[in-house]
Amino acid sequence: MIELLPERRAQVVRKAAGTPAADLPCGKASTAGSVSQRACVFCGSRVVLYPISDALHIVHGPIGCAAYTWDIRGALSSGPELHRHSFSTDLQEMDVIFGGEKKLEAALVELIAHYQPKAAFIYSTCIVGLIGDDVGAVCRRVGEKTGIPVLPVHSEGFKGTKKDGYRAACEALYKLVGTGDLSGISPHSVNILGEFNLAGETWILRDYYKRMGVEVVACITGDARIEDIRRCHGAKLNLVQCSGSMTHLAKMMERDHGLPFKRVSYFGLEDMSAALYEAAKFFSDDPTIMFRAQQLVREEIGAIYPELQRYKQKLVGKKAAIYVGGAFKAFSLVRALRLLGMETAVVGSQTGDLEDYRQLQEISDPGTIIVDDSNPLELAKFCLEKDVDLFIGGVKERPIAYKLGIGFCDHNHERKEPLAGFVGMLNFAREVYASVASPVWQFAPRRASRGKEAIGT
Ligand code: SF4
């Protein structure tokens with residue numbers, strides 16, 4: 001067992017029955033030496049913009065930054081796949097001394113001529129911030145020369161947290177918003193913000209809205225095209241899923257284009273249904289939209305409920321730990337696990353804010369550990385203390401779970417099965433069951449001793 005670093009103690013609370021929610025000192029830089037699970041600013045920008053599949057993405061920095069985020073998101077495209085490359089200027093010692101602007105300009109001109117992208121995003125990394133390349137000036141020159149938007153992403157890795165990277169991505173995207181043609185957009189139309197088409201989830205959601213009679217103008221950024229982003233200000237409502245990454249863009253669109261936004265989640269039956277009803281309520285001038293939404297929810301839940309109940313019988317009483325990027329996803333996961341009869345014993349996020357953590361404490365059971373900006377040692381300690389059967393997280397949490405002999409469910413970039421939507425809830429239940437009930441855990445020393453205690457040996 002390890003002790004918490006003194007500077008970190010206030011960022012961990014245990015929900016106590018009948019007491020008001022504590023305020024976690026969140027949204028600040030990670031404690032030095034704590035080896036945070038957070039990624040850098042550049043990575044934050046890269047994961048948000050990555051799924052735009054007809055744009056050129058070029059990482060201005062050493063090759064390691066590009067390798068680290070190469071094909072990071074697994075976002076699917078129904079058309080071009082230019083996003084899957086990880087172009088880099090591969091800055092070397094001589095570039096650090098004499099500057100990398102010429103190299104960047106030459107790379108941009110050559111790549112744009114070869115691939116004919118609709119726009120280009122240029123990501124600044126730590127070293128670019130240190131040597132002071134004027135990336136904005138290079139982008140302006142190349143934009144004039146080539147006639148496409150060439151957009152700097154000010155994402156120098158060291159200048160904040162992953163959340164600052166989200167903001168830098170929104171600023172770059174916002175240069176495109178408002179530049180497209182609005183003709184033909186339905187009066188009942190939305191944009192889906194903060195959905196990244198992992199395993200085809202965007203296509204499931206688009207189908208739901210289509211069945212309700214609501215047009216999706218742009219999904220930002222799952223399976224996104226530059227033209228859609230340029231005209232997305234013509235939609236009537238923004239539905240923001242990954243609130244950590246996209247609220248800044250939604251607020252700018254509200255300020256400048258009068259486009260309201262609502263926070264939604266597409267994970268779990270309750271939240272998925274609520275997301276569809278939110279849009280239907282907004283378009284109350286056409287009551288058939290609400291009628292179709294109710295019909296859709298009834299059909300979809302009816303089709304999967306019997307199988308969900310079978311998984312629930314096997315999973316009831318099992319315990320889970322959740323550690324995800326944004327806290328809003330954690331709310332949905334707590335509710336989805338409850339639907340399967342499971343208890344959430346540990347829950348945390350990399351980028352949650354004060355209100356997120358208050359809400360998380362409200363919906364959690366007494367005794368639940370709630371943690372902000374955690375690290376591998378803490379997470380391992382909490383999992384052992386609570387003796388959880390399942391860890392839900394991303395690529396960096398997977399080895400923690402497996403080393404401890406705990407089942408794992410990937411709810412981040414690497415998932416290959418859609419977990420959003422009604423069908424996603426069924427996939428989630430199947431995956432949770434397969435991992436928790438796997439016979440492999442009987443060979444993990446800790447699990448083996450649990451088995452012996454149970455039979456009194
Ligand atoms: S931007 Fe900086 S922190 Fe991020 S991957 Fe590159 S070197 Fe590492």
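Just so you know, ligand 1 is whichever comes first in the structure, and atom 1 is the first atom listed for that ligand.
Taking the side chain as every heavy atom from C-beta outward, N197 and P51 never approach each other to under 4.5 Å. Using a 4.5 Å heavy-atom cutoff, the side chains of V217 and V190 are not in contact.
For atom 1 (S) of ligand 1, the nearest protein heavy atom (residue, atom name, distance) is C126 N, 3.5 Å. When only non-hydrogen protein atoms are considered, atom 4 (Fe) of ligand 1 lies nearest to C40 SG, 2.4 Å.
In this structure, H257 and H233 have tilted ring planes: the angle between them lies in the 30° to 60° band.
For the salt bridge (charged side-chain N to carboxylate O under 4.0 Å, His left out) test with D271, the passing option among R263, R335, K329 is R335; the others fail.
Distances below 4.0 Å separate heavy atoms of T125 from the following atoms of ligand 1: 1 (S). Of all the atoms in ligand 1, the ones that sit under 4.0 Å from a non-hydrogen atom of Y68 are 5 (S).
Within a 4.0 Å radius of atom 8 (Fe) of ligand 1, the protein contributes no heavy atom.
Proximity of a side-chain donor or acceptor of R46 to a complementary backbone N or O of H57 within less than 3.5 Å is not detected.
Among the atoms of C65, none of the N, O or S atoms falls under 2.8 Å from atom 2 (Fe) of ligand 1.
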